[in-house]
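One structure is given here, and the rest of the page talks about it.
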Amino acid sequence: MTSFPLLSLLVFLPIASALALFLFPAGSRRAIRWFALAVSAASLALSAAAYLAYDLPAGGYQLEEYLEWIPRWGIGYHVGVNGISLPLVLLTGIVMFTGVLISRGIDERPREFFAFLFLLAGGVFGVFVSLDLFLLFFFYEIAVFPMYLLIALWGWPKTREYAAMKLTLYLFLGSMVALIGALVLVFSTTPATFDLIRLEAAGFPADLQRTVFPFVFLGFAVLGGLFPFHNWSPDGHVAAPTAVSMFHAGVLMKLGAFAALRVGILLLPEGARFHMPWILILALVNVLYGAFIAMVQTDFKYVIGFSSVSHMGLVMLGFATLNSDGLLGASLQMFSHGVMTALFFAVVGMVYDRTHTREISALGGLARKMPLAALAFIVGALASMGMPGFSGFVAEFPVFLGVWQTRPAAAVAAAVGIVVTAAYILLVVRRVFFGAMSAEHDRIVSGIRVKDSIALILLMCILIGMGVYPAWIATLAESGVQSVMRVLGN
Amino acid sequence: MTEFFSHHLLSLILWTPALAAALLFLLPDRGRILKVFAVGASLIPLGLTMAVWVGYDGAQAGFQFAERAPWYPAIGAEYFLAVDGLSIPLILLTAVLTPVALLAAAGVREKVRAFLALFLLLETGILGVFLSLDLLLFFIFWEVSLVPMYFLIQSWGGEKRDGAALKFLLYTMGASLGLLLAIQVIRIAAGSFDLTVLAERWPALRMGSLGGVQIPTLKFLTFWGMAVAFLVKLPVWPFHTWLPDAHTEAPTAGSMILAGVLLKMGGYGLIRLLLPLFPAEAARFSPLLAALAAAAIVLGALAAWSQNDFKRLVAYSSVAHMGFVVLGVAAGASLGADTAAGSLALRGASLQMFTHGLSAAGMFLLVGALYDRAHTRNLEELGGLFRRAPLYGGILTFTAMASLGLPGLAGFVSELMVILGSFAAFPLAVAAAAVGLFFTGAYILKAVGRVLHGALPDRWKDAPLEIGIRERLAVAPLMILMLVTGLWPEWILEMIGTAIR
């Protein structure tokens, strides 16, 4: 199995397809769409294959590939997956496929749109499988850069330029700060190496770890939406076209959190232990502040944007515990939130395409016109409020178990977020999908398409499947967490 | 085949309604077919529950028909079902009330399929609470049962349904937070979700700390976290404010299940979780519980008395009746289940849950039947119905008397047992409860008098008001059970006695 370069295929299929798209004549929209759909389906199949190929009892990094690249600086092409990254690879496949499925509304330059989207996807896959720091940064920038164009060119005309610029500056600055920290680490090893496995084993001096950790962790945590650096994210979510919002909130924010764990916590465990008490407070602010701000939004899409800030706070909260329960929860929350928020943004997009408004007060009664979309949104809502039987509960519960063991008061405070979430999300469900519908909407709103339905059903099945029988993903995440715990020395 | 059947009896009971809910979507969208299918499907858990009742070995007592399977191994939660003499009567109650309520719901015309599916999912949720012996699994069903009820109220409820549904959900979900946090703390401190293990391990845990908080402090907090969740669900004064709105706005069948079994989840939680896990704390705080119970009995009855909306009156009566459950639990906690009086009070509380389930469901059914025909529930506008609808009048009188606690009918036995058992521990609360019983008589007679007697308003001189055949069919099993339990309570007390000696 190791001889087959599954992970490389996963990374380079979207990137090569992005280039191949330009072979199509710009006018052949139908062909472009079907090609895009085929590529995204193949990516989903490859990520599922990676999930199935992973030998769970053996654990550790698997499907590894190594090629020398720039040996003088200790840079290699080194990829592999473990229980932490594999769920995120699967998530990326799912979001990519469903995002393309619902992207029928892109009429302006679909060729370029899908090309940038695939470049983004390739970069994301790349980050998740990188076992080399240089490679990780390389893919990280590939993932962030197309975002600017996707939002600025295809986004919501009112705010797209502002949001795209804000997002890019935030993320660019964040990654620069992280890069500085990372380079300090690389060049304090002799001989210098970028290999993450070797850097993990390097055992940096405690002083150095404490100094460098904030740079690396916070630099990446910007993309994870950690308070007070979350500001770019709701604006970016809202301005982006639907498929990009799905990618953005569903996968890209996980990229930040994952890199913060991969480079920050795993390379600098002592630094993590030193700084985590105050990061825990920031994460708690994320959870509560995000939920309260979501509650007062009048724009449908902003509600979901701020809910992502709140939910990513739970990921950070799980990280901040540095114990196995908390990390397990964080890992599951990344997957669960990715699927859930992709579903949310897909439905928001479907509603906007039909009503041309996102003002909650102008919407109502849509369940009659688009019952499946309403059902999907309700399933997402139940998952987001941590209702047992849905994925959110399975993910949040271990986070809370972890927080109890470090800061009991924070567990109680974070629990308030659950009720606030339930309140705002149910209010949105009621106002948008139930109640009276305006006469104009009654006339113009049509049902959703078959492809939309397939995407929503797939996402719903995952949310419910994870809630009803969590073992299929939790056992994998647990094996990843165990390897993190070994690095942390417990 | 028979082996599979007997080893998975509880799973079959639990999942049949959910499966039936899914199958509804494969049937043609014709109201009649769907309704017949749903009622038929809901008879399966009833039949299986009877098999459990017969198969339960009373001589051995303890948990039986156990099923275990790994569920969420990463945090040690299991799919662990088992029943004993405490849960079996409540499972039977759920299995009886669901087909009865579905029969009563035959008048639903809008979105029939969704209504029936939600209703069957609700049954699975409630049954799960009574069947689970894993703390996390218990919590899952505890919360999940809220969702179908929320949508039942929101989509098929009365005029003020939106506010009532949201209030119901947020209020009870907020209250469940304490339960959730308590379960987390217990899991970390005692290392298990298994209730049979925890009953040994958690009360014995006295030393140590968790994240810098001492165990005794944690025990105090977790006790109240759990207690509040159960007391809100029950509900006991002053946590009852969600109930009148939810009951009044819910569709008839929803109110029947809400009052009939959903409230019992709170009482069941007190006896199944709180008493075994926190014997010392429960004994220490039992006077407070008894005081709340007495307040619920008196204030609930007074509030019911002052209502002019028939449905609201019945809703408030639930607060008063469920107060007896809390009173019995408080006495059991104070005296200990091993004393004669404490055991009597606890058995009374368990029986009260069953009997109130019957009478409350019956009352809501009758209120709904009246409202469907008269289109008002205002007691000021009603009157003289006995002459126009003698059968309805007879059934209402019978059910009201059972609710009032007339000797020979179900409510009498259980309330008497609670009062006798609690007297030694809380004489003042019992005295207050007796006053409450007096008011119960007052409001029941007020309701029956206003509806059935007096002058018949002109507008109903020619309107058909008599109860329909469907509703007669629905209410009949409830009346039989009320009468049988009133005359010969031993059939069920024997089962309860295997769990509480």
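The structure displayed is predicted, hence computed values, not measured ones. Protein chains get the first letters and strands the later ones, always in sequence-line order, with residue 1 at the start of each.
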Student check: side-chain heavy atoms of A:Phe393 and B:Leu180 closer than 4.5 Å: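 Yes, at least one pair of side-chain atoms sits under 4.5 Å.
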
Closest-packed option against chain A by number of heavy-atom pairs under 4.5 Å, given B:Ile75, B:Leu170, B:Leu181, B:Val147: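 Most heavy-atom pairs under 4.5 Å with chain A: B:Leu181.
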
Pairs of heavy atoms under 4.5 Å with chain B: top-ranked of [options]:
options: A:Phe390, A:Phe397, A:Phe434; value: A:Phe397
options: A:Ala367, A:Gly386, A:Gly389, A:Ala415; value: A:Ala415
options: A:Leu328, A:Leu382, A:Val394; value: A:Val394

Part of B:Leu221 lying under 4.5 Å from any heavy atom of chain A: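 When you check distances to chain A, no heavy atom of B:Leu221 falls under 4.5 Å.
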
Contacting region of A:Leu476 [heavy-atom separation from chain B under 4.5 Å]: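 For A:Leu476, neither part sits under 4.5 Å from chain B.
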
Residue A:Val403 versus chain B: region with a heavy atom under 4.5 Å: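 Contact with chain B involves no heavy atom of A:Val403 at all.
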
More than 12 heavy atoms from other groups under 6.0 Å of OH on A:Tyr51: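 Correct, the count exceeds 12.
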
Taking only distance into account, so ignoring hydrogens and angles, what donor-acceptor contacts under 3.5 Å exist between chain A and chain B?
| residue | atom | partner | partner atom | Å |
| --- | --- | --- | --- | --- |
| A:Val394 | O | B:Tyr72 | OH | 2.7 |
| A:Trp404 | NE1 | B:Gln184 | OE1 | 2.9 |
| A:Arg430 | NH1 | B:Asp162 | O | 3.2 |
| A:Val468 | O | B:Trp71 | NE1 | 2.6 |

